[in-house]
Amino acid sequence: MSQSMQLLKRECGYYTIAIVVIIAFLALLASRSGTVTTANTVKTTSEEVAATEVFYAAEFALAEALIWLGSNDATATPQTGAGVPNGAGNNTPRSYATSFWFEESGGFTRVYARATGSDGSSATISQWLRAGIDVLNTDALKQPFGIGGSLSGVTGTGDVNAIGSSGTIPAGYYSLRVENGESTGGSYGNLNNGGEAIVDGEWSSGVSDIWDKYFSITRAEMQALAATSSQVTWVAANESYPSQGSGTLSSPAILILNDCAVNKKLNGGFTFIGIIFIDAGPCSMQGWSMSIKGSLAVNGDITKLTANTLFEAYYIEATDSAMSSGAGGLDAFDADAFGSTVVLPGTWTDTEVN
Amino acid sequence: MVAIAIASFIALAATSYYAAMFSASNAVRNTASAQAHFNAVANTLVAEIRRSGYRGSPTEVAAYVATTGNSSGTPTVGSYPAVETATDCALVAYARDYTCASGDDSNFTECAAGVGTVTLHYRSGLRLSSGVIEAVSVIHPNQYIGSAPVDSSCTATGGTSAWAPLSETAELYFDQFAITEQASTIYDGDTTCVLGTAGTDCQSNVYADCGDSISCRIKRVYKVEVCAYPTNTDGLCDPNYGGSVPSGQLYNEFFVTPRNDVLISKDYSS
């Protein structure tokens with residue numbers, strides 16, 4: 001066999017290997033292409049899950065906005081929410097930043113809530129709001145102690161705290177208010193014995209039912225409201241008084257008591273923030289022992305007040321407060337906190353549509 | 001011979017690898033693709049039901065609520081019901097911004113009023129037809145001054161049908177698609193108490209009072225069932241995943257609540 005033939009045979013082997021390697025390479029490329037297609041398909045499914053997730057984060061932002069609005073005024077400036085962290089045990093590294101802002105139009109407020117994911121996803125939703133039923137009359141908090149009759153038999157050392165650091169009570173405000181013609185000129189037995197001077201006032205002539213002096217809704221409406229609002233408690237005449245306080249500075253409470261039988265009293269030494277209205281009278285408050293920041297109203301005469309109940313006006317700051325709250329007194333609360341914002345039905349939408 | 005042996009070895013290895021990768025990749029892709037199709041239906045429906053009942057701004061809500069009421073003792077929910085269900089079909093309605101085009105003055109009262117951008121009610125929905133999920137999204141037919149140019153009802157067929165396929169039977173055969181009202185809570189629209197609740201003003205009220213003596217808000221929960229599989233044969237779905245379950249079956253049962261309650265205004269004229 002000639003030398004040239006031998007070289008040709010060796011080259012055929014190299015060509016064979018080269019061709020096979022190329023084919024193998026192409027096969028690998030095809031394989032990779034298939035893998036990429038699969039990965040993209042899986043990614044599409046994953047993105048659908050992420051789109052759902054970011055939407056729920058936006059709903060969380062909307063809830064944050066409503067809570068924030070409970071103690072702040074609506075503003076067009078975007079507020080930053082707490083956000084939604086990546087869940088523990090969640091292998092997908094997605095967390096969400098939340099924000100919300102407001103637009104006011106024609107007596108209504110529109111809240112926008114947005115969530116933005118760490119993966120770049122985003123969702124924005126909106127809801128219209130209106131002011132809720134403002135259940136308080138403007139007179140409701142002008143006296144820590146309101147009486148639809150007269151006050152007598154004060155043998156306990158109760159205190160009314162209505163004068164702050166200014167040393168004077170605000171104009172139009174009182175320590176306590178009684179029925180027309182029942183004022184004693186600031187002397188009510190042991191009430192405020194050694195404490196601040198009592199500034200008493202009288203309801204207008206003819207007013208003996210002071211419900212309307214405290215509330216702008218009817219008794220039936222208040223009872224209905226109590227069925228759905230955690231801020232309002234309605235205690236029927238045949239039911240027991242609560243055994244503990246309620247209300248907070250950011251969400252003061254309303255407690256309606258429909259009788260004042262002798263054996264019924266609030267005497268747990270607890271603190272109540274808001275308004276207690278006893279829709280009955282005459283009442284004996286024998287044995288009462290608690291503190292109320294806001295106002296206690298009794299719709300009739302009070303014949304006995306024997307223990308150490310403390311009445312403090314809502315505007316008294318912590319530095320002047322006689323009520324215990326940790327190391328200091330109890331701070332003032334905003335009377336607007338009784339107001340509520342109500343979601344306007346039929347106005348929820350997402351910006352995918354509009 | 002050595003070269004052929006080496007080449008054969010390489011070719012065999014590459015072919016085996018390719019075959020294995022192709023098979024595995026194909027299986028994953030098919031599964032993922034089926035799930036993507038399946039999830040698309042579920043996600044679309046959830047989003048549509050969620051926003052159903054949106055009526056626009058407070059002014060537009062007030063105008064819409066005025067069209068609700070009570071007819072002969074039966075509450076009426078207005079011209080654009082938030083959710084309508086039928087066998088294998090669900091339709092939802094909600095308001096959207098719409099820019100009036102030339103000729104729309106004769107189509108929509110809102111455009112005839114001379115405003116460029118108006119709020120119109122839209123209808124969208126999903127239905128099951130011969131293993132295919134079909135979708136529709138049009139301006140609500142009740143919004144037109146005359147008749148709508150296309151048929152968006154659940155029973156629409158033929159050339160005027162507004163429905164278009166959302167899935168392919170080659171990818172996934174949809175065997176079941178059902179949406180039903182699972183539960184509802186009816187509130188007095190003014191006092192917010194739940195009708196029939198003892199000890200409240202509305203303890204004696206019932207649904208038939210809505211639109212008559214009281215205004216109502218109705219919060220509804222819908223149950224959705226979707227079942228699909230790759231096999232192009234009807235009636236194989238086994239929700240219980242028993243012994244006869246078709247290979248690759250996807251079944252989901254979920255609940256969704258519209259974020260907008262159904263609103264019915266009481267009769268203020270009496």
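Throughout, protein chains are lettered first and strands after them, A, B, ... in sequence-line order, and every chain is numbered starting at 1.
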Result block: side-chain N/O donor-acceptor pairs under 3.5 angstrom for residues 250-264 of chain B, not counting sequence neighbours:
| residue | atom | partner | partner atom | Å |
| --- | --- | --- | --- | --- |
| Tyr251(B) | OH | Glu225(B) | OE2 | 2.7 |
| Tyr251(B) | OH | Glu253(B) | OE1 | 3.2 |
| Arg259(B) | NE | Glu59(A) | OE1 | 3.3 |
| Arg259(B) | NE | Glu59(A) | OE2 | 2.6 |
| Arg259(B) | NH1 | Thr257(B) | O | 2.8 |
| Arg259(B) | NH2 | Glu59(A) | OE1 | 2.8 |
| Asn260(B) | OD1 | Thr347(A) | N | 3.1 |
| Asn260(B) | OD1 | Trp348(A) | N | 2.7 |
| Asn260(B) | ND2 | Trp348(A) | O | 2.9 |
| Asn260(B) | ND2 | Ser52(B) | O | 3.3 |
| Asp261(B) | OD1 | Lys219(B) | NZ | 3.1 |
| Asp261(B) | OD2 | Arg217(B) | NH1 | 2.5 |

Gap separating the CZ atom of Arg51(B) from the OG1 atom of Thr349(A), nearest 0.5 angstrom = 6.5 Å

Among residues 55-63 of chain B, those lying within the under-4.5 Å heavy-atom range of chain A are Arg55(B), Gly56(B), Ser57(B), Pro58(B), Val61(B)

